[in-house]
Amino acid sequence: MAGEFDFIAWLRAQQTASALVRVPAGDDLAVLNWPAEDLLLVGVDQVLDGVHFDSAVHSPRQIGAKVMNRNLSDCAAMACLPAAAVVSAALPKGTSLEYAKELYLGMKEAGEAFDCAIVGGDTGSWAGRLALSLTILGRSAGVTPVTRSGAQPGQRIYVTGPLGGSVLGRHMTFVPRVAEARQIAATGRVRAMIDLSDGISRDLGHICRESGVGAVIYAERIPVHLDAGRMGRAGWSPLEHALHDGEDYEVLYVAEGEMPPETLGIFVGMTTAEPGVRLRTPGGGDVPLEVKGWEHGL
Ligand SMILES: [Mg+2]
């Protein structure tokens, strides 16, 4: 990339102050203050041109925001507070300085909305397409992390919002459910949680497998997004889009007993002792809920 040294100087000027950051990006490693009472949660997630976004359609700001927001959504899934992030960018040869700055600003703005500073990174140019990989650090900050493995039979399954058709635009513009998930977990009733990146059919399957339970989902209770009705994939109903599309980035959780009414959550089903995920249709009995999420690909 032309002007690499200008870019590094510009990046250093972009650093936002955070009480956690003792030495920001610019040295060999950043140095963080870490509250002794906090657990450290770590994850990494990447976005690839042609898979998670289309660089011919989406702006670099949107692309940068998406890689940060996908990681923030994983923080939501564990009920932790985002703390800091590091990013690695593989830029196509000839990428302009302006484009690289826009990518960074997309990440930075999405992170700042949740007090998550970018404390380091690396860029390289290559003959391939744009790829961004972001590693996130989260802290428990007073809420015990919620795993996928704590559900038991007879518990209630909730989702935090409408599902389906996100590829029409929401997959680039969603707001991760960090604050809501922490409120939900702080009730002390939640036994398992996941963010819906691959659709209920696949993601609820992860919870069931990790927890050693099954589940039944009530078809008429699934919150179907208006976008699901606009998809029009041959042979697919809006309900099927809601169940399988993925990239909704809502949170699905399993709770013991009824959640307090002020907590965000739409009741959609129950965990069962019988393994497998089933869909209960009104008057139609139970059918196995097959995994048929779209392989991401734009
Ligand atoms: Mg996840």
Side-chain angles (χ1 to χ4, degrees), residues 39-48 51-53 63 65-87 107 110-111 113-114 116 131-141 143-151 157-164 166-167 170-185 190-211 213 215 217 242-255 264-266 268 277 289 291 293-297:
L39 295 169
L40 165 64
L41 294 91
V42 189
V44 62
D45 203 38
Q46 67 181 350
V47 294
L48 305 173
V51 180
H52 304 96
F53 63 89
I63 296 164
K66 181 168 187 179
V67 73
M68 176 63 83
N69 280 327
R70 276 170 63 97
N71 281 273
L72 294 171
S73 184
D74 282 328
C75 290
M78 301 297 288
C80 74
L81 215 49
V86 291
V87 63
M107 288 181 246
F114 294 90
C116 183
L132 299 175
S133 172
L134 191 140
T135 297
I136 199 149
L137 312 179
R139 57 196 190 98
S140 49
V143 178
T144 306
V146 182
T147 66
R148 300 175 176 181
S149 61
I157 302 168
Y158 294 86
V159 296
T160 54
L163 310 174
S166 75
V167 72
R170 280 157 38 239
H171 74 113
M172 299 299 294
T173 59
F174 66 94
V175 177
R177 294 289 200 184
V178 174
E180 296 86 349
R182 282 178 59 81
Q183 279 169 9
I184 287 162
V190 179
R191 301 294 174 260
M193 193 153 69
I194 192 168
D195 63 318
L196 290 173
S197 50
D198 296 328
I200 283 196
S201 55
R202 193 180 294 270
D203 289 326
L204 178 55
H206 291 316
I207 282 191
C208 287
R209 211 166 21 258
E210 295 298 321
S211 294
V213 298
I217 292 293
L243 292 169
H244 305 299
D245 280 353
E247 293 230 57
D248 299 297
Y249 302 103
E250 295 291 346
V251 165
L252 178 148
Y253 61 95
V254 179
L264 187 61
I266 301 156
V268 296
V277 180
L289 183 58
V291 174
W294 287 28
E295 288 305 315
H296 297 169

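Order of appearance sets the numbers: ligands from 1, and atoms from 1 within every ligand. In this text, all values refer to a predicted model and were calculated from it rather than measured experimentally.
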If you define the side chain from C-beta out and look only at heavy atoms, does anything of Val167 sit under 4.5 Å from Asp245?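 Of all side-chain heavy-atom pairs linking Asp245 with Val167, none is under 4.5 Å.
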Starting from the C-alpha separation in whole Å, work towards a yes-or-no answer on side-chain contact (heavy atoms from CB on, under 4.5 Å) for Ile184 and Arg177. CA-CA 10 Å; Ile184 287 162; Arg177 294 289 200 184; over 6 Å; no
Considering residues at least two apart in sequence or located in another chain, which fulfil the salt bridge (Lys or Arg N to Asp or Glu O under 4.0 Å) criterion with Arg182?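 If we apply the salt bridge (Lys or Arg N to Asp or Glu O under 4.0 Å) test to Arg182, skipping adjacent residues, there are no hits.
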Ignoring hydrogens and angles, tell me if any N or O in the side chain of Ser211 forms a donor-acceptor pair with the backbone of Arg148 under 3.5 Å.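 It does hold such a pair.
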For the Mg ion (ligand 1), report each protein N, O or S atom nearer than 2.8 Å, sorted by chain and then by residue number.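 Less than 2.8 Å away from the Mg ion (ligand 1) sit Asp74 OD1, Asp195 OD1.
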Check this for me, if you would: do Glu247 and Lys66 make a salt bridge, where the nitrogen-to-carboxylate-oxygen distance has to be below 4.0 angstrom?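 Yes, this pair counts.
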For the side chain to side chain contact (heavy atoms under 4.5 Å, CB included) test, which of Asp45, Leu72, Asp74 pairs with Ile136?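 Running side chain to side chain contact (heavy atoms under 4.5 Å, CB included) over Asp45, Leu72, Asp74 with Ile136 returns exactly one hit, Leu72.
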